[in-house]
Student: 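This is the structure I have questions about; it appears just below.
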Amino acid sequence: KGDVSMGVTRESDGAQLATIEWRDMWFQHEPAAVDVIVTVRLAEGSGASEWRIKVNNRSERYGLYEVHFPWFNMWPTPERYDASVPWYNWGHLYPRIAEKQSGEYSSYTWSMQFIAFETGGRGLSIAAHDPQQHFKSFTIDPGTETTLTLRVPDGNKPGVGLDTTYPTSVEV
């Protein structure tokens, strides 16, 4: 149960802002326990979009442990894209990526907050613009998902949600 609303507005600088809101969602046996608000901002004439998520949690029993955002279902297609990741303080290119790759930022094995894809001379990057450098993980599982996972501080406490965080850039 709950209400879903969505819309697109134009900001004073010409940017478009898409908003999707899921309000008063049931969680377990608690009615109206959770709201999720997602915004995607696209500056006029830009190939870069800024994605943000906010989760309001009113649960008296559960906290929010982690958020998978953005999450791309069934993408990329196996063996169709080359994937670049910041691996071991350098980088690694997985040509025609077909197997799952994942890593945790900030660590030696995933030293920057991005992943990039390319096929046929066209590319897409997904980058967390997080100046506070929160712990997060990246997953590429071709044919299944590509996602950035943010652990929520104090997520084991009832009622803990996620305030609007840094933008994640999805850019062509």
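Side chains included, hydrogens not; waters and symmetry mates left out as well; all remaining heavy atoms used. Counting begins at 1 with the first residue of the sequence.
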Student: Kindly check if the number of other-residue, nucleotide or ligand heavy atoms within 6.0 Å of CD (Gln28) is above 12?
Tutor: yes

Student: For salt bridge (charged side-chain N to carboxylate O under 4.0 Å, His left out), just list the numbers for Asp35 and Arg23, CA-CA rounded to whole Å, side-chain angles, deciding distance to a tenth of an Å, and then say yes or no.
Tutor: CA-CA 4 Å; Asp35 303 327; Arg23 298 271 183 195; 3.6 Å; yes

Student: To the nearest 0.5 angstrom, please state how far the CZ atom of Arg10 sits from the CD atom of Gln16.
Tutor: 4.5 Å

Student: Identify the heavy atoms of Pro95 and Asp82 that sit nearest to each other, and give their distance.
Tutor: CA-OD1, 3.3 Å

Student: Going through the checks in order, is the side-chain hydrogen bond (donor to acceptor under 3.5 Å, both in side chains) test met by Glu145 and Trp75?
Tutor: CA-CA 5 Å; Glu145 67 180 349; Trp75 188 83; over 6 Å; no

Student: List the atom pairs, donor and acceptor, that lie under 3.5 Å between side-chain atoms in residues 38-45 and the rest of the protein, sequence neighbours left out.
Tutor:
unit_1 : atom_1 : unit_2 : atom_2 : d
Arg41  : NE     : Glu11  : OE1    : 2.7
Arg41  : NH2    : Glu11  : OE1    : 3.0
Arg41  : NH2    : Asp13  : OD1    : 3.2
Arg41  : NH2    : Asp13  : OD2    : 2.4

Student: Tell me, do Thr149 and Trp71 make a side-chain contact under 4.5 Å, heavy atoms counted?
Tutor: no

Student: Rounded to the nearest 0.5 Å, what separation is found between the CD1 atom of Ile140 and the OG atom of Ser102?
Tutor: 9.0 Å

Student: Are any of the side-chain heavy atoms of Arg52 and Pro167 separated by less than 4.5 Å?
Tutor: yes

Student: Do you reckon Met25 sits in the same ILVMFWY cluster as Val4, going by side-chain contacts under 4.5 Å, direct or chained?
Tutor: yes

Student: Which residues pass the side-chain contact (heavy atoms from CB on, under 4.5 Å) test with Glu79, not counting sequence neighbours?
Tutor: Arg96, Ala98

Student: Once side chain to side chain donor-acceptor pair (under 3.5 Å) is applied, do any residues pair with Ser125, and if so which ones, sequence neighbours excluded?
Tutor: none

Student: Where does the angle between the aromatic ring planes of Trp51 and Phe69 fall among parallel (under 30°), tilted (30 to 60°) and perpendicular (over 60°)?
Tutor: tilted

Student: For His129 versus Pro131, what's the shortest heavy-atom pair and its separation?
Tutor: O-CD, 3.3 Å

Student: Keeping the roles fixed (side chain from Arg58, backbone from Ala32), state whether a donor-acceptor pair exists under 3.5 Å.
Tutor: yes

Student: For the OG atom of Ser5 and the CD atom of Glu21, what is their distance to the nearest 0.5 Å?
Tutor: 4.5 Å

Student: How about Tyr65 and Val160: do any of their side-chain heavy atoms sit closer than 4.5 Å?
Tutor: no

Student: For Thr19 and Gly7, indicate whether the former's side chain and the latter's backbone hold a donor-acceptor pair under 3.5 Å.
Tutor: no

Student: Quick one: pull up NZ in Lys100 and OG1 in Thr139 and give me the separation to the nearest 0.5 Å.
Tutor: 5.5 Å

Student: Evaluate the criterion salt bridge (charged side-chain N to carboxylate O under 4.0 Å, His left out) for residue pair Lys136 and Asp130; output intermediate values, then yes/no.
Tutor: CA-CA 10 Å; Lys136 59 187 67 73; Asp130 176 8; 2.7 Å; yes

Student: Can you find a heavy atom in the side chain of Glu30 that is under 4.5 Å from one in the side chain of Asn57?
Tutor: no

Student: Could you tell me which non-hydrogen atom of Trp110 sits nearest to which non-hydrogen atom of Glu104, and how far apart they are?
Tutor: CB-O, 3.3 Å

Student: Heavy-atom distance under 4.5 Å between the side chains of Ser59 and Pro158, does that happen here?
Tutor: no

Student: Count the heavy atoms of every other residue, nucleotide or ligand shown that sit under 6.0 Å from CE of Met112, and state whether that count exceeds 12.
Tutor: yes

Student: Glu118 vs Tyr81, test: side-chain hydrogen bond (donor to acceptor under 3.5 Å, both in side chains). Steps then yes/no.
Tutor: CA-CA 6 Å; Glu118 188 272 332; Tyr81 293 85; over 6 Å; no

Student: If you measure from OG on Ser84 to CZ on Phe114, what distance do you get to the nearest 0.5 Å?
Tutor: 7.0 Å

Student: Just how far is it from atom CD of Glu99 to atom CG of Asp141, taken to the nearest 0.5 Å?
Tutor: 10.0 Å

Student: So Tyr94 and Phe117, side chain to side chain contact (heavy atoms under 4.5 Å, CB included) or not? Walk me through it.
Tutor: CA-CA 9 Å; Tyr94 293 96; Phe117 299 90; over 6 Å; no

Student: Are Tyr62 and Phe27 near enough that their ring centres are under 6.0 Å apart?
Tutor: yes

Student: Let me check something: do Ile37 and Val152 share a hydrophobic cluster, defined by ILVMFWY side-chain heavy atoms less than 4.5 Å apart, either directly or through other members?
Tutor: no

Student: Search all heavy atoms of Pro70 against all heavy atoms of Ile126 and return the closest pair with its distance.
Tutor: CG-CG2, 4.3 Å

Student: Determine yes or no for a side-chain-to-main-chain donor-acceptor pair under 3.5 angstrom, with Ser49 supplying the side chain and Val170 the backbone.
Tutor: yes

Student: Shared ILVMFWY cluster between Leu150 and Tyr105, side chains joined below 4.5 angstrom?
Tutor: yes

Student: So do Thr146 and Pro76 actually touch side chain to side chain, heavy atoms under 4.5 Å?
Tutor: yes

